[in-house]
Amino acid sequence: MGLKLLTEVLSNVFKRASTIEYPKQPSLALKEHRGQQYADLSKCVGCSLCAVECPSNAITMASLPVKLKHNPRSIYPVIDYGKCIFCYRCVDVCPVKAYVITNYFEIASDRPGNSSELSLNTIPK
Amino acid sequence: MNKVKLIKYSPWLLHFNTGACNGCDIEVLAALTPYYDPERFGVKLAPNPRHADVMVVTGAVTKKAAERLKRLYDQMPPPKFVIAVGACAISGGIFSGSYAVLNGADKAVPVDMYVPGCPPRPEAILYGVVKLLSKLG
Amino acid sequence: MSLIEIPVGPQHPALHEPILLRVRADGERVVGIQVVTGYNHRGVEKLGERSTWSKDVFLYSRICGICNTVHAQTYTQGVEAIGGIEVPPRAQYLRTLVMELERIHSHILICAVMAEVVGFDSLFMLMMRDREPVMMLKELVTGNRVIADYYVLGGVRRDLDEVKKDKILKVLEGVEARVKYYKKIFMEDYTITKRLLGVGVIKPSEAVAYSLVGPTLRGSGVKSDVRADDPYAAYGEIPFNVVTYSDGDSLSRMLVRLDETLESIEMIRYIIKHLPEGPIAPKTPIRTLHEGEAFSRVEAPRGELIYHIVSKGGDKPYRVKVRTPSFNNIINGVIAYRDARIADVPVILTSFDPCISCTERILVIDERNGSTKVLSLKDLSRWGK
Amino acid sequence: MSKAVEFLRSLGLTCKEVKQARRYVFEVSPDKLRVVVTGLIKLNLNIYSSTISVVDYINEGVIEVNYCLWVIDEKLMIVLRVRVPRDSPKVPTIHDIIPGALNGELEAYDLFGVVFEGNDKLRRGFLVPLDIANQGVFPLRKDFKV
């Protein structure tokens with residue numbers, strides 16, 4: 001027992017530390033991780049299915065500032081990240097596959113944010 | 001020296017579960033373990049609210065736990081800060097609208113940092129803590 | 001001699017969950033324990049009646065974060081039984097895979113917490129370190145470390161390819177070696193055996209009468225496992241052993257968990273080798289159901305989980321009754337505290353693998369002596385270490 | 001044929017058809033419940049109380065109490081179904097016969113207001129927040145509005 005303990009201690013002394021120096025190093029998040037998602041307005045047709053199917057009612061439909069040809073009702077989904085449970089139900093039910101999925105998770109802020117800015121950046125010029 | 005600045009060097013966390021599903025709790029616990037090791041930033045779990053500087057609230061704040069939350073917050077010495085971890089602590093998340101839930105920790109105590117996610121990754125929690133510290137100046 | 005009442009919780013440095021134990025002590029000896037919960041009651045069952053069948057999968061997953069896929073399994077399995085929905089075999093195997101991954105991380109977690117409670121902090125840190133690869137596997141398969149959201153009615157949401165299979169097998173090899181090492185530590189180390197051996201003994205007949213379930217029941221030597229007795233998902237086709245230990249004390253409950261972890265690793269190897277081909281979900285999503293009811297049982301990491309689902313047709317459930325394993329174990333488990341010493345109370349509670357978010361319920365009093373004078377020690381923080 | 005199911009049939013109870021395997025649902029009248037449960041326990045088949053599930057059928061004016069018992073030795077579930085009027089739901093307690101039924105009875109009382117006669121540990125407000133419990137309403141009944 002004593003010898004085994006000694007080898008365990010020695011191997012741990014010479015092993016590289018298992019800590020990831022996170023803010024300096026990139027995190028361990030895999031590309032499969034369900035991170036921040038938002039609607040791509042060059043595809044979204046404003047059908048509101050994601051808002052209906054959201055389990056935590058985090059999606060509201062807001063009106064678009066510009067007219068888009070493929071979006072007759074001129075509305076787009078805004079995800080409230082404070083309410084969103086990142087289940088990706090919206091991604092699954094979307095009939096035109098308009099959601100952009102990322103594994104980005106650094107969205108902590110001093111007020112709950114939403115996806116409207118990210119979505120509006122995708123409006124085709 | 002400014003008291004707020006002193007906290008910046010070694011904030012002690014108080015973790016309180018106000019009715020979470022345990023998802024956020026085990027991620028807070030995981031954030032304290034060797035892989036993420038927040039003691040690099042001087043972050044440590046406080047055994048007692050009277051020693052704590054930052055309260056980490058997880059979970060949909062139930063009406064019964066909200067009284068305890070207020071009491072714990074009052075017991076902490078100023079300056080004090082609150083981090084709401086997870087969708088439930090921010091707005092009630094999927095439990096918002098239930099008869100037993102207050103819809104967010106900010107209904108009971110002032111919140112300084114929101115960490116979205118269900119549950120957020122340990123890195124996201126660390127990012128929230130570091131961002132709060134850097135905000136203190 | 002007057003009795004002293006010591007409140008433990010709801011905020012406690014060792015137990016990260018809101019539960020209040022009112023311990024009545026006569027000197028060092030515990031004479032009564034009062035379990036006060038309800039800090040975690042979120043009214044899930046009422047919320048579920050307002051939402052639709054398909055959205056409720058996500059709600060019921062969030063009853064408990066640690067055992068979220070088993071909650072999703074119990075719910076979908078009940079709904080599929082009512083609707084007569086066939087689940088493709090590949091989806092059944094993938095569901096089983098994720099449930100076993102969850103069992104591994106849950107069992108390692110509670111063994112780590114036990115190490116922390118008895119004051120063996122370095123073991124706690126090591127076990128938490130070796131749990132991280134399992135969480136990574138869960139993220140690889142499902143997309144999130146903790147709450148998987150892997151289920152839809154009739155199937156699963158993500159498929160598994162060859163690269164992921166190889167990765168799972170490789171990581172599990174490392175985990176298996178470490179779990180074997182920890183099992184040895186739990187059986188031999190002086191610090192642990194001194195605190196766990198012979199503490200909180202429950203006899204087999206009592207364990208059945210008081211309706212304890214899961215590793216707590218199997219730790220008392222009663223062979224009862226839903227996976228073997230009442231097979232669901234792919235468990236009918238996967239060979240495995242039901243682990244029992246006969247001593248009924250805290251140590252045997254922990255050893256049941258460690259042995260089950262090793263069993264689960266073997267099961268995952270079998271699943272990956274024999275994964276059938278085919279679709280993983282039905283082509284058209286299921287939205288409405290006809291009338292009916294189902295009693296759906298699943299072996300969660302903590303024991304038998306049961307849902308009673310009543311449908312009156314339409315797109316909403318009429319009633320979903322959830323009974324979680326911890327609800328039986330914590331509240332009826334007060335018998336284990338008989339004549340324990342105060343320092344043993346957190347050990348016994350941890351050996352039940354308490355999951356308060358599952359329980360979220362009521363109060364029980366177990367008192368032998370009539371209380372003479374009750375003193376209240378309000379502040380007790382560094383307690384049990 | 002299993003001993004437990006045969007015993008229940010010998011008492012003149014009829015089994016309701018359920019789709020799932022290993023589930024046997026029997027309707028029992030409230031006054032016969034204690035006799036049936038005592039007889040089942042005396043068979044020595046390692047029976048534990050899995051759960052007590054309550055369903056509120058508001059249109060029929062009935063509250064249904066389902067005692068789910070799992071028989072370890074025979075690997076089957078026996079559901080004893082008791083239907084009581086909704087305005088005064090009273091059933092005899094079984095927690096002195098099966099101690100493990102206590103938590104289910106406490107829960108059913110707090111959420112549905114089902115009174116288990118003979119159980120002196122029933123009380124309100126430990127699970128339900130006090131502001132709702134003090135109104136004297138039961139949150140899981142169908143007429144309770146959030």
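Just the heavy atoms: all of them, side chains too, but no hydrogens, waters or symmetry mates, feed the values below. The sequence lines fix the lettering, A, B, ..., with proteins before strands; numbering per chain opens at 1. Treat the numbers as computed from the prediction; the structure is a model and nothing was measured.
No donor-acceptor pair under 3.5 Å is formed between the side chain of C:Glu304 and the backbone N or O of D:Ser50. With C:Arg323 contributing its side chain and D:Gly104 its backbone, the two residues share no donor-acceptor pair below 3.5 Å. Formation of a donor-acceptor pair under 3.5 Å by the D:Lys19 side chain with backbone atoms of C:Gly84 is not found in this model. Put simply, the side chain of C:Arg319 gets close to the backbone of D:Val54: a donor and an acceptor are under 3.5 Å apart. When atom types are taken as modelled, the side chain of C:Lys46 and the backbone of D:Pro139 share a donor-acceptor pair closer than 3.5 angstrom. Put simply, the side chain of C:Asn332 gets close to the backbone of D:Gly100: a donor and an acceptor are under 3.5 Å apart.
Residues of residues 29-45 of chain D never come within less than 4.5 angstrom of chain C, heavy atom to heavy atom. Contacts with chain C (heavy atom to heavy atom, under 4.5 Å) involve no residue of residues 82-97 of chain D. Among residues 58-71 of chain D, the residues having any heavy atom closer than 4.5 Å to a heavy atom of chain C are, in sequence order, D:Ile58, D:Glu60, D:Asn66, D:Cys68, D:Trp70.
For chain C, no part of D:Leu76 is nearby; none of its heavy atoms comes within less than 4.5 Å. Of the two parts of C:Val310, only the side chain, counted from C-beta on, holds a non-hydrogen atom closer than 4.5 Å to a non-hydrogen atom of chain D. Heavy-atom distances place no part of C:Glu206 under 4.5 Å from chain D, backbone and side chain included.
Legend: residues meeting side chain to side chain donor-acceptor pair (under 3.5 Å) with C:Glu291, ordered by chain and number and at least two apart, are absent.
With respect to C:Ser211, the side-chain contact (heavy atoms from CB on, under 4.5 Å) criterion is satisfied by exactly one of D:Asn103, D:Ile98, D:Leu102: D:Ile98.
Nearest heavy-atom pair across D:Ile72 and C:Val222 is CD1-CG1, 3.9 Å.
For the pair D:Glu107 and C:Lys321, the minimum side-chain heavy-atom distance is below 4.5 Å.
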Between D:Thr51 and C:Phe327, does a side-chain contact (heavy atoms from CB on, under 4.5 Å) hold up when you go through it step by step? CA-CA 10 Å; D:Thr51 182; C:Phe327 184 47; over 6 Å; no
